[in-house]
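In what follows, residues are counted from 1 in the order of the sequence shown. Predicted, not measured: the structure shown is a model, and the values here were computed from it.
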Amino acid sequence: MATLQQAQGGKGCAVPVLTGEVGFKVSEDNVGGWEQVFLLALSLAFVGKTMSGAYMNSMYTQIEKQFNIPASLVGIINGSFEIGNLLLIAFVSYFGGRLHRPKIIALGCTVLSFGCLLISLPHFLIGRYHIESSISPLENSSVMPLCFVNQSSFSLPTEEPSTECVKESGSLLWIFVMVGNIVRGMGETPIMPLGISYLEDFAKTENSPFYQGCLHTATIIGPFVGFLLASFCAKLFVDVGSVDPGDVAITATDTRWVGAWWLGILICAALNLLAGVPFWFLPKSLVKEGEINEPEETCKKRIVLLQENEKKEAKETMYEIAKDFIPFLKALFRNPVYMLFICITVLQFSAFNGMISFMPKYLEQQFGKSASDAIFLIGVYNLPVICVGYFFGGLFMKKFKINIYQAAHIAFWVSFLEYLLYFAAYWTVCDTSPVAGLTVSYEGIEQVSYAESTVLAGCNRDCDCTLKSWDPVCGKNGITYVSPCLAGCKASRGTGKSVVFENCTCVAASEFSYQNASAILGQCDRGESCDKMLHYFLILQLVCSFIFSLAAMPGYMVLIRSLKPEEKSFGVGIHELASRVFAGIPSPIYFGALIDTTCLKWGTMTCGGEGACRMYDIVTYRWLYLGLPAILRGVSYFPCALILFILKKKLKSESKTLLNTPIELQNKGQ
């Protein structure tokens with residue numbers, strides 16, 4: 001049995017600190033420092049978990065190329081984090097508050113760290129990354145035969161599997177990434193709810209906003225550091241440390257490039273493990289700030305009350321819990337404002353989650369940026385302004401003491417303004433990159449083709465080229481060719497990234513005929529106009545992010561104020577559950593599946609299987625990527641309008657009741 005121990009130390013009542021199962025240990029001298037330790041530790045835990053999440057979201061495109069999987073499967077891996085979170089959220093919400101909360105948070109940080117380690121594990125099992133190529137370079141030779149009639153030695157093996165075909169089964173190691181993501185979701189579950197409840201238990205009312213502000217700051221710092229780390233790691237080749245950079249014949253802008261995605265997740269694992277250490281040494285609960293030197297008689301009464309509450313909690317049965325659960329659930333379902341708000345959240349979060357999951361890929365394909373640059377730009381242009389928007393949104397609500405109806409109006413119109421600005425993104429576009437046989441004909445005439453046979457033409461038909469591989473070269477005419485062989489190149493000079501292919505018949509036969517019919521490795525550059533359009537797109541994103549974040553606090557206020565005080569905790573939990581089940585899990589999957597339909601050229605694995613997509617029809621991609629969120633968000637404004645109508649009706653009813661109430665009763669109520 002747990003016991004209550006009391007050690008006197010100076011004036012007043014000793015500070016009860018829970019020890020063992022339910023017992024107390026007095027520590028008046030050291031209790032003043034526990035609050036600061038807990039706040040710092042929880043802030044670090046918030047930085048660690050949000051940093052890990054931002055890093056993973058940034059690196060899904062690298063994982064897609066590492067394991068040669070489609071975007072729809074990447075969406076499943078992305079959603080697996082939410083599945084892990086859902087597995088424990090109900091257990092943690094109910095039982096977590098009754099157990100030793102700091103130790104559960106410490107355990108969560110440790111599990112989160114283990115999940116990150118599990119995600120990185122495939123890199124150490126899969127072996128070196130095989131760069132897809134259509135040619136077999138002859139080492140120590142300045143000339144590489146490319147396009148010879150009946151030169152079948154450069155076709156990919158189709159009948160006799162090579163020894164590398166056995167290694168290709170390692171691509172199934174993406175399952176470790178998915179399981180690691182599930183474990184990561186499980187580990188993250190207790191950190192926020194138990195951390196905030198523990199904080200609220202000991203914090204003074206006037207100190208609580210400051211503590212919450214520290215945690216909100218941590219949730220901005222974490223993703224920002226995560227994006228910067230992801231940008232740095234994406235610049236490094238996946239096999240950094242085991243491969244000489246000079247031997248890598250592709251650049252970071254090449255769609256076959258895979259960054260060192262595993263390196264950053266190891267750093268996240270170390271940080272999360274470190275963040276959990278202080279929680280192991282924290283007490284089960286702390287006395288509320290300012291109550292240390294209270295009279296001994298008051299202290300004794302409070303200790304007795306704590307004992308009685310613990311006995312009541314111990315006697316609670318599942319029937320009693322269910323008896324409270326069902327009425328609360330019914331009350332929430334009968335609350336029209338609350339249910340409509342859940343519909344809005346699901347639609348808006350689906351749009352946001354799908355966009356952010358595939359934004360690095362969009363910047364890579366639409367504007368020709370490297371993954372490293374894309375991730376860096378997303379972090380720099382979006383996160384700081386969101387932080388500022390949250391701050392000013394909350395400050396505005398506090399200063400003008402906005403009621404629920406006014407808050408709903410502000411959230412609706414500010415959000416709707418951002419929604420209208422969002423459509424300007426359709427004009428921030430680049431011209432389609434000219435790729436012979438895919439987006440233009442070999443004569444340079446624009447055409448989009450999903451058929452594999454269109455990469456063949458009269459200038460390369462006798463070259464006996466493989467049609468499946470992706471090994472792009474840029475011709476002197478400004479057109480990209482799927483491979484040196486399909487460009488009709490007969491010879492090459494130089495080594496590594498400086499290889500130049502010569503006597504390319506397709507380059508010479510194009511509309512822009514060149515005497516020096518040569519080509520170099522990689523796709524042709526998009527040009528300065530594309531960089532300008534990228535800046536316009538990013539500035540638009542910055543403005544939209546700021547405006548939308550201004551509406552976030554009034555919108556959240558509508559949710560909170562639509563609930564009765566006794567329903568708030570449960571209502572917020574159900575709201576989070578619904579957003580994860582109906583938006584967090586499915587949205588990346590169907591976004592990825594739709595993006596896959598726009599693929600023009602799939603990569604090829606060593607043994608001839610279909611790999612990750614190398615090139616998309618960027619016009620169709622753009623319409624889907626920008627259009628689907630526009631539809632989802634557009635539909636969300638219908639329940640928004642209904643909420644405004646219900647609140648307006650309710651406000652009129654309350655005003656009418658107040659007018660009909662006698663002045664004496666009004667004064668009595670005041």
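- Checked against the 6.0 Å centroid criterion, the rings of Tyr60 and Trp261 do not qualify as a close aromatic pair.
- In this structure, CG in Leu340 is found 11.5 Å from OG in Ser636, a value given to the nearest 0.5 Å.
- Using a distance-only test at 3.5 Å, with no hydrogens or angles considered, a donor-acceptor pair links the side chain of Thr189 to the main chain of Gly185.
- In this view, Ser562 satisfies the side-chain hydrogen bond (donor to acceptor under 3.5 Å, both in side chains) rule with no residue, not counting sequence neighbours.
- Panel note: side chain Gln62, backbone Met59; no donor-acceptor pair is recorded below 3.5 Å.
- With ring centers used as reference points, Tyr536 lies 6.0 Å or more from Trp427.
- Atom-to-atom distance recorded for Cys640:SG and Ile344:CD1 is 3.5 Å, nearest 0.5 angstrom.
- Separation of the Phe358 and Tyr625 ring centroids does not fall under the 6.0 Å cut-off.
- Checked against a 6.0 Å centroid threshold, the rings of Tyr419 and Phe548 do not count as neighbours.
- The aromatic rings of Phe341 and His575 sit tilted, their planes meeting at an angle between 30° and 60°.
- For the residue pair Lys361/Tyr621, the side-chain donor-acceptor check at 3.5 Å is not satisfied.
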Side-chain donor/acceptor pairs under 3.5 Å, residues 44-53, sequence neighbours excluded:
{"from": "Thr50", "atom 1": "OG1", "to": "Phe46", "atom 2": "O", "distance (Å)": "2.6"}
{"from": "Thr50", "atom 1": "OG1", "to": "Val47", "atom 2": "O", "distance (Å)": "3.3"}
{"from": "Ser52", "atom 1": "OG", "to": "Gly48", "atom 2": "O", "distance (Å)": "2.7"}
{"from": "Ser52", "atom 1": "OG", "to": "Asn272", "atom 2": "ND2", "distance (Å)": "2.9"}

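- Heavy atoms only, all atoms of each residue included: Lys65 and Val258 are closest at CB-CG2, 3.7 Å.
- Here Ser579 pairs with nothing under the side-chain hydrogen bond (donor to acceptor under 3.5 Å, both in side chains) rule; sequence neighbours left out.
- Two residues are said to be in side-chain contact when any heavy atoms from C-beta on lie closer than 4.5 Å; Tyr422 and Leu540 fail this criterion.
- Rounded to the nearest 0.5 angstrom, Phe349 CZ and Ile356 CD1 are separated by 11.0 Å.
- Side-chain atoms of Asn353 come within 3.5 Å of backbone atoms of Gly584 as a donor-acceptor pair (strictly under, hydrogens ignored).
- When the ring pair (Phe, Tyr, Trp, His ring centres under 6.0 Å) test is applied to Trp280, no partner is found at least two apart in sequence or on another chain.
- With hydrogens and angles ignored, the 3.5 Å screen pairs a side-chain donor or acceptor of Asp596 with a backbone N or O of Ala71.
- Judged by distance alone, with hydrogens and angles left aside, the side-chain atoms of Tyr55 form no donor-acceptor pair with the main-chain N or O of Phe227 at under 3.5 Å.
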Show me the donor-acceptor pairs, under 3.5 Å and distance only, between side chains in residues 373-382 and residues at least two apart or in other chains.
{"from": "Asp373", "atom 1": "OD2", "to": "Ser370", "atom 2": "OG", "distance (Å)": "3.3"}
{"from": "Asn382", "atom 1": "OD1", "to": "Ser545", "atom 2": "OG", "distance (Å)": "2.7"}
{"from": "Asn382", "atom 1": "ND2", "to": "Ile378", "atom 2": "O", "distance (Å)": "3.0"}

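- With sequence neighbours left out, the side-chain contact (heavy atoms from CB on, under 4.5 Å) criterion links Tyr590 to Ser350, Pro586, Ser587, Leu628, Leu632.
- A salt bridge does not link Arg580 with Glu188: every distance from a Lys NZ or Arg NE/NH1/NH2 to an Asp or Glu carboxylate oxygen is 4.0 Å or more.
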Test log, rule side chain to side chain contact (heavy atoms under 4.5 Å, CB included), inputs Phe176 and Val179: CA-CA 5 Å; Phe176 278 90; Val179 173; 5.8 Å; no
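- Ile182 CD1 to Leu86 CG: the interatomic distance, rounded to the nearest 0.5 Å, is 11.0 Å.
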Does Asn403 form a side chain to side chain contact (heavy atoms under 4.5 Å, CB included) with Gln406? I'd like the steps, not just the answer. CA-CA 5 Å; Asn403 62 37; Gln406 293 168 328; 3.2 Å; yes
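- Few gaps surround CZ on Phe546; more than 12 heavy atoms of other groups in view lie less than 6.0 Å from it.
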Side chain to side chain contact (heavy atoms under 4.5 Å, CB included) assessment of Leu644 paired with Phe412: CA-CA 9 Å; Leu644 287 174; Phe412 178 86; 3.8 Å; yes
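- Listed by chain and residue number, Cys530 satisfy the disulfide bond (SG atoms under 2.5 Å apart) test with Cys430 (two or more places apart in sequence, or in another chain).
- Nearest heavy atoms, Ala218 versus Pro223: O-CD, 4.4 Å.
- For Phe396, the ring pair (Phe, Tyr, Trp, His ring centres under 6.0 Å) partners are Phe400, not counting sequence neighbours.
- Here His409 pairs with Tyr405, Trp413 under the side-chain hydrogen bond (donor to acceptor under 3.5 Å, both in side chains) rule; sequence neighbours left out.
- Under the 4.5 Å side-chain criterion, counting only non-hydrogen atoms from C-beta, Gln348 is in contact with Ser415.
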Step-by-step side chain to side chain contact (heavy atoms under 4.5 Å, CB included) determination, Arg184 to Ser80: CA-CA 9 Å; Arg184 192 171 67 86; Ser80 64; over 6 Å; no
Side-chain donor-acceptor pairs of residues 113-122 under 3.5 Å, sequence neighbours excluded:
{"from": "Ser113", "atom 1": "OG", "to": "Ala269", "atom 2": "O", "distance (Å)": "2.7"}
{"from": "Ser120", "atom 1": "OG", "to": "Leu117", "atom 2": "O", "distance (Å)": "2.8"}

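- With contacts defined as side-chain heavy-atom distances shorter than 4.5 Å, the pair Leu282/Lys103 does not qualify.
- Between Val429 and Met533 there is no side-chain heavy-atom pair separated by less than 4.5 Å.
- Annotation: Tyr426 is in aromatic contact with Trp623 [ring centroid separation under 6.0 Å].
- Minimum heavy-atom separation, Ser231 to Ser372: O-OG, 2.6 Å.
- The distance from the CD1 atom of Ile386 to the CD1 atom of Ile220 is 6.5 Å, given to the nearest 0.5 Å.
- Side-chain contact between Lys369 and Asp531 is present, with at least one heavy-atom pair separated by less than 4.5 Å.
- With sequence neighbours left out, Asn57 forms a side-chain hydrogen bond (donor to acceptor under 3.5 Å, both in side chains) with no residue at all.
- Looking at residues two or more places apart in sequence or on another chain, you find a disulfide bond (SG atoms under 2.5 Å apart) between Cys613 and Cys599.
- The shortest non-hydrogen separation linking Leu563 to Tyr338 is CD2-CD1, 3.6 Å.
- In this structure, the separation between CD1 on Ile191 and CG on Leu112 is 5.5 Å, given to the nearest 0.5 Å.
- Looking at every heavy atom in both residues, Pro629 comes nearest to Met355 through CG-CG, 3.3 Å.
- Taking each heavy atom of Ile585 and Glu82 in turn, the nearest pair found is CG1-CB, 3.4 Å.
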